[in-house]
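Here's the structure we're looking at; comments come further down.
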Amino acid sequence: MIEFHSVSKQYSADATALREVSLNIDKGELVYLAGPSGAGKSTLMKMIAAIERPSSGRVIVFGQDIGKLGKPGIPFLRRKLGLIFQHQRLLNDRNILANTMLPLLVTGAPKAGAEQRARAALDKVGLLDRAKAHPLELSGGEQQRVAIARAIVNRPQIILADEPTANLDRVAADKVLDALRAFHSVGVTCLISTHDEQVLDGAARVIRLEHGQLVPTDRVGGAA
Ligand code: ADP
Ligand code: ADP
């Protein structure tokens with residue numbers, strides 16, 4: 001479902017984010033992308049969403065070469081992805097139900113149907129009882145779960161979560177991870193990045209990046 005073939009990314013002459021990365025992620029897999037800050041995790045995820053393009057090598061998502069994707073192809077690709085990126089803040093001027101409905105409304109979905117889908121999404125992350133609350137009334141972990149609800153309300157086939165547990169305490173982080181794992185258990189392909197080794201406890205597959213390169217791990221597929 002996601003293939004990297006000898007992918008390198010150079011932002012500038014002295015900023016190489018990825019070096020010759022090759023990997024495969026199959027439909028339905030839950031994969032953790034581990035590595036310290038600056039290792040290239042965000043860059044790798046941005047390439048899957050065509051936010052960044054490879055400098056060399058090929059990135060294939062849903063069978064499509066991302067490097068060759070034209071402008072019209074990008075919204076079609078992104079609609080099939082649920083993105084949970086740190087800079088994508090919730091809108092503080094509206095409640096969390098309205099925040100969760102937004103991705104549906106921008107694609108022109110009828111309001112009643114969108115509200116029903118948004119409620120279902122909030123229910124899946126355990127926040128349906130907070131539907132009328134505003135983002136600033138929620139804890140950091142709850143806000144992150146709203147971001148997950150908003151990312152999955154379009155029923156994406158792939159979820160990309162970039163450091164979803166950053167700045168959360170252990171209890172809140174576990175709830176966020178549980179919410180993500182629940183989507184994996186219903187067949188959604190999930191890629192979760194983290195610099196926190198504790199997040200990797202019990203992970204079936206870990207891909208580890210250091211200085212833009214894959215490093216072997218003792219877990220399945222690490223050196224793929
Ligand atoms: P991580 O997500 O693991 O923290 P990133 O992919 O954000 O790593 O960054 C990898 C490297 O690429 C870092 O050295 C970072 O400074 C650099 N980098 C990331 N984005 C840019 C950019 N837009 N321009 C220049 N350098 C960048
Ligand atoms: P991160 O939180 O991963 O470090 P940044 O805050 O550095 O990401 O944002 C990197 C760039 O990617 C920004 O210019 C942002 O607008 C862009 N970006 C992220 N997600 C999307 C998206 N879904 N559609 C368009 N651009 C996006």
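All ligand and atom numbering here is 1-based and tracks the order in the structure.
- For the pair G38 and ligand 1, the shortest N or O to N or O distance falls below 3.5 Å.
- Remark: N167 CG is loosely packed, at most 12 non-hydrogen atoms of other residues, nucleotides or ligands lying under 6.0 Å away.
- At a 4.0 Å cut-off, at least one heavy atom of P36 sits close enough to ligand 1 to count as contact.
- Across the listed options A39, A17, S193, S37, A17 owns the non-hydrogen atom lying nearest to atom 12 (O) of ligand 1.
- Closest approach of A151 to P156, counting heavy atoms only: O-CG, 3.5 Å.
- Considering backbone and side-chain atoms together, T43 places an N or O closer than 3.5 Å to an N or O of ligand 1.
- Checked against side-chain hydrogen bond (donor to acceptor under 3.5 Å, both in side chains), R181 has the following partners two or more places apart in sequence or in another chain: Y32, D178.
- The shell of residues lying under 4.0 angstrom from ligand 1, judged by heavy atoms, excludes S12.
- Figure legend: K9 and Y11 shown as a cation-pi pair, the cationic atom lying under 6.0 angstrom from the six-membered ring centre and within 45 degrees of its axis.
- Salt-bridge formation is detected for the pair R208/E197: a Lys NZ or Arg NE/NH1/NH2 atom is positioned less than 4.0 Å from an Asp or Glu carboxylate oxygen.
- Taking any N or O of E52, backbone or side chain, none lies under 3.5 Å from an N or O belonging to ligand 1.
- Checked by distance only, ligand 1 and A15 stay at 3.5 Å or farther apart across all their nitrogen or oxygen atoms.
- Considering both main-chain and side-chain atoms, S42 comes within under 3.5 Å of ligand 1 through a nitrogen or oxygen pair.
- Counting all heavy atoms, side chain and backbone alike, G141 lies closest to V176 at O-CG2, 3.8 Å.
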In a table with atom names and distances, give each donor-acceptor pair under 3.5 Å that connects a side chain of residues 104-115 to protein atoms at least two apart or in another chain.
| residue | atom | partner | partner atom | Å |
| --- | --- | --- | --- | --- |
| T107 | OG1 | L104 | O | 2.8 |
| E115 | OE2 | R119 | NE | 3.3 |
| E115 | OE2 | R119 | NH2 | 3.2 |

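- Ranked by closest heavy atom to atom 3 (O) of ligand 1, the top entry among E210, K41, K9, E163 is K41.
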